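Below, read A as the first sequence line, B as the second, and so on, with proteins coming before strands; counting in each chain starts at 1. None of the values given here were measured: they were computed from a predicted structure.
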Number of protein chains: 2
Amino acid sequence: MKTLIIISHPEIKDSGTQAFLKGALRNLNGVTWHGLDTKYPDYQIDVAAEQKQLVAADRIIFQFPLYWYSSPALLKQWEDDVLTRNFTQVNQDGRLAGKQLGIVVTLGTAAKNYTVGGSEGVSISELMKPFQAVAKQAGMDFLPPFVVDRFKYQTAQQKAHLLFDYQNYVNNPHPATFKGQQDWVIERLRDKASREGDATRQTLLNLTIDQIEQNEAELASLKDQIEMIKRGDDE
Amino acid sequence: MKTLIIISHPEIKDSGTQAFLKGALRNLNGVTWHGLDTKYPDYQIDVAAEQKQLVAADRIIFQFPLYWYSSPALLKQWEDDVLTRNFTQVNQDGRLAGKQLGIVVTLGTAAKNYTVGGSEGVSISELMKPFQAVAKQAGMDFLPPFVVDRFKYQTAQQKAHLLFDYQNYVNNPHPATFKGQQDWVIERLRDKASREGDATRQTLLNLTIDQIEQNEAELASLKDQIEMIKRGDDE
């Protein structure tokens, strides 16, 4: 699966969050980090090149800090220029149809403020509606937005979770299901084991994979038994 | 009342809608038409000048065609640059507090498509949430958005209505109530009468004002009678 991450962040060089997220992608295959601010400081966007990249991707992600309840202006400029009607609309040429659109949005304040009655008074789901509407016109699957809040106040453990969750969001073909996450972890461990030079560590990795798969099989068996009990077929 | 209309429209020179709206303001006092695209073709916004204009206004209006379910990029750039935290936030310097924020949004397709189950699948109210959230942070009153759809298909009569409604939205201190609209019409007729050179036409205008005011008084009297009947006080 090929993922294209389009980043819009006017102060990306000073952003610890973006540096962390970029670092999280180091060992992932098929992921392109595409920063708009360094590439287009004068807002003159190369539409043909951008469209070509989009066509080659399976998952497209808009990644940005929330600026006045939306993306920074440069990503909007990118949308206005690159998403030409004929290229985008599913009822015309529709070159994006069937692809996925994800959003990685970083917040300076706590995510819990984004609710009715909260200090922001509006939810992230509501604020992402314009992007969902773009996905709809393009015939794309819109993924649940991935929200990172108050990164600099996170503990080391929280950051480790964030790293895993972000990799999952970016790289996992089925990021939203438990089964999808498990399969993705196994696949990544297999890849790691196959490239491991040290025989002992390779064995350890393979044992871990076996353990996860056994757990998976047991879980499936337990589920079956529960279903049988529910149906009154238990003899 | 001073109104500042901030227009963002990348193709404003070819826009019949914007030309019509600009023409509608010809005889109104206290209204400033401020086009961003001609002033800032290079996106280098004069923050100090913009903030000064904002402080001088009572009502601020963002006027734009809907581009990918939001404003064109230049207005977003304007927000990102001009609405600095200290200047904007009501809990800091809050220089916009108590002012009104309105939205005039023009649509290429019919407004009725903007609903769940419609071809756009999302409502204008939902799409305007980011602007409402800005108004909230700034301590501004957010006016119901003014929507212009399919201008070029409108009849002459529809355009006459649009002209009146737009003038009301831009210039009337209380645009949303019937009483507010009536008072505003009377005030404008008085202004016209005072500047009228021809005595016969001046008399006619004054008679019209009298008529409207009599109607208003009769309406108020009828309302009182209805209230009395409701309370069972009718003797």
Looking at A:D81, A:L127, A:L83, A:D42, which one has more heavy-atom pairs under 4.5 Å with chain B than the rest? A:L83
Near B:Q92 CD, under 6.0 Å, is it more than 12 heavy atoms from other residues, nucleotides or ligands? yes
Is it true that the side chains of A:Q132 and B:Y69 contain a donor and an acceptor less than 3.5 Å apart? no
Taking CD in B:Q158 as the centre, count heavy atoms belonging to other residues, nucleotides or ligands within less than 6.0 Å. Is the count above 12? yes
Okay, B:Y43 and chain A: the region with an atom under 4.5 Å from a heavy atom over there is side chain
What part of B:L75 gets closer than 4.5 Å to chain A, counting heavy atoms only: side chain, backbone, both or neither? neither
I'd like to know whether CG of A:D93 has more than 12 heavy-atom contacts from other residues, nucleotides or ligands below 6.0 angstrom. yes
Under 3.5 Å, side chain of A:K129 to main-chain N/O of B:V122, donor-acceptor pair present? no
Return yes when atom NZ of A:K159 has more than 12 non-hydrogen atoms of other residues, nucleotides or ligands closer than 6.0 Å, and no otherwise. yes
What part of B:S71 gets closer than 4.5 Å to chain A, counting heavy atoms only: side chain, backbone, both or neither? backbone
Heavy atoms of other groups near A:D46 CG, more than 12 under 6.0 Å: yes
Can you measure from CD (A:Q137) to OG (B:S119) and round to the nearest 0.5 angstrom? 6.5 Å
With no hydrogens and no angle check, is any side-chain donor or acceptor of A:D80 less than 3.5 Å from a backbone partner on B:P72? no
Separation of B:K76 NZ from A:L74 CG (nearest 0.5 Å): 11.0 Å
A:R95 CZ: over 12 foreign heavy atoms closer than 6.0 Å: no
Treating B:W68 as the side-chain partner and A:A133 as the backbone partner, does any N or O pair qualify as donor plus acceptor under 3.5 Å? no
